[in-house]
Amino acid sequence: MNILFCGDVVGRSGRDILLQQLPRLKAELSLDFIIVNGENAAHGFGINKAICQDFFKAGIDVVTTGNHIWDQREVMSYIGSEPRLLRPANYPDGAPGRGHALYQDQRGRKVLVINVMGRLFMESLDDPFKVVDHILKPYPLGSAVQAIFIDIHAEATSEKMALGHFCDGRVSCVVGTHSHIPTADAQILPKGTAYQTDAGMCGDYNSVIGMDKVVPVHRFTRKTPTERMIPALGDGTVCGVFVQTDDHTGLALRIEPVRIGARLINTIPCLGEELPVGTAEGTS
Ligand SMILES: [Fe+2]
Ligand SMILES: [Fe+2]
């Protein structure tokens, strides 16, 4: 199965570039399933029904989120009626919506998507490791489901990497979000789970993590109250990962970064050829 996951969509720049590039990505990568983190899609803060509907119309199968999930209050009532919109699974009992769900691609293959949030330097939610462990129990990879994808929305690279190893061999892919900066560590872990610490964002990289530079720089340099941050409005870049999984085992066959747009070095996987990967013999 060919899966595309794109990191946090930030404001109009992020939405525009994502919707503009999706048809090309679908065609070139023969995509079967598309997951996007939309936690900053509505002017940088949260997501709403109209944006979700645009995403679903464009062929996005599931929208994950993170700490900004509740920024747009209408989401509190909308999320309960829209199973394709996830919030982190480790919010306490009673939070509206769901943190994981089972979906199907066009060919009827089952995909379990889990959204979970880290706790280091973030709000203290329930233990994400315990929650993921509990969710995975009824879904043995390769028999009950053909693919399992986890979006770990977290600040600390260590926490994301630990979750990757914790799930290695039990899920198809663990990818991090929240930092808005893509990391260069796409790899298949020893037991077959694809992993990248952060997918990066879909947004304007001439910014401070997607926000217009003036206010954040002011905050860092003067430590005085400022205006509210607004998203940067320049041309965006789509950042994410492309993952190919084996339908029989559910494990990953390849993972490669995707970066297309105005900034960053662009890279798009070529289905005919794979990127060279370091080996114990081949690296020094
Ligand atoms: Fe974000
Ligand atoms: Fe976040």
Side-chain angles (χ1 to χ4, degrees), residues 4-18 35-48 51-52 55 60 62-73 75-76 79 85-91 95 97 99-100 113-126 128 131-132 149-161 163 174-183 196-213 215-216 219 228-234 236-241 257-259 261 263-264:
L4 175 73
F5 176 77
C6 293
D8 309 33
V9 179
V10 183
R12 176 162 295 284
S13 294
R15 301 198 309 269
D16 285 353
I17 190 72
L18 178 64
I35 308 163
V36 169
N37 186 304
E39 74 148 8
N40 308 103
H43 209 56
F45 298 92
I47 191 163
N48 57 36
I51 292 173
C52 282
F55 283 179
I60 292 165
V62 180
V63 175
T64 56
T65 57
N67 54 306
H68 286 288
I69 176 61
W70 313 122
D71 288 356
Q72 305 290 321
R73 289 301 141 96
V75 148
M76 300 279 289
I79 196 169
L85 174 63
L86 297 179
R87 46 93 173 146
N90 51 333
Y91 269 99
H100 73 281
V113 181
I114 303 172
N115 189 187
V116 75
M117 202 156 102
R119 294 188 295 184
L120 282 181
F121 317 118
M122 300 189 87
E123 230 182 315
S124 180
L125 302 184
D126 294 346
V131 166
V132 165
F149 192 99
I150 299 183
D151 171 358
I152 164 75
H153 194 80
E155 188 75 52
T157 51
S158 58
E159 194 173 18
K160 295 189 241 195
M161 226 167 178
L163 191 86
V174 175
V175 175
T177 52
H178 179 69
S179 82
H180 294 195
I181 304 296
T183 56
Q196 183 170 311
T197 297
D198 205 295
M201 69 168 172
C202 299
D204 177 7
Y205 273 89
N206 180 17
S207 68
V208 175
I209 63 168
M211 293 298 175
D212 185 275
K213 295 169 283 191
V215 170
R219 283 192 189 179
R228 189 176 160 87
M229 288 193 287
I230 52 165
L233 294 173
T237 298
V238 167
C239 282
V241 296
V258 174
R259 295 186 301 271
R263 291 193 171 256
L264 307 188

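Both ligands and their constituent atoms are indexed starting at 1 by order of listing. Every heavy atom of this structure was used, including side-chain atoms; hydrogens, water molecules and symmetry mates were not.
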Seminar exercise, completed: By salt bridge (charged side-chain N to carboxylate O under 4.0 Å, His left out), D16 pairs with (sequence neighbours left out) R12

For this session: Could you tell me which residues satisfy salt bridge (charged side-chain N to carboxylate O under 4.0 Å, His left out) with D204, sequence neighbours excluded, listed by chain and number?
Result: none

Exercise. D151 versus L86: any side-chain heavy-atom pair under 4.5 Å?
Worked result: no

Exercise. Are I51 and V63 side-chain neighbours, meaning at least one heavy-atom pair lies under 4.5 Å?
Worked result: no

For this session: Kindly indicate whether a cation-pi arrangement holds for R259 with Y205, taking the cut-offs as under 6.0 Å to the six-membered ring centre and within 45° of the axis.
Result: no

Exercise. Which residues pass the ring pair (Phe, Tyr, Trp, His ring centres under 6.0 Å) test with H43, sequence neighbours left out?
Worked result: none

Exercise. What is the total of protein N/O/S atoms that are closer to the Fe ion (ligand 2) than 2.8 Å?
Worked result: 4

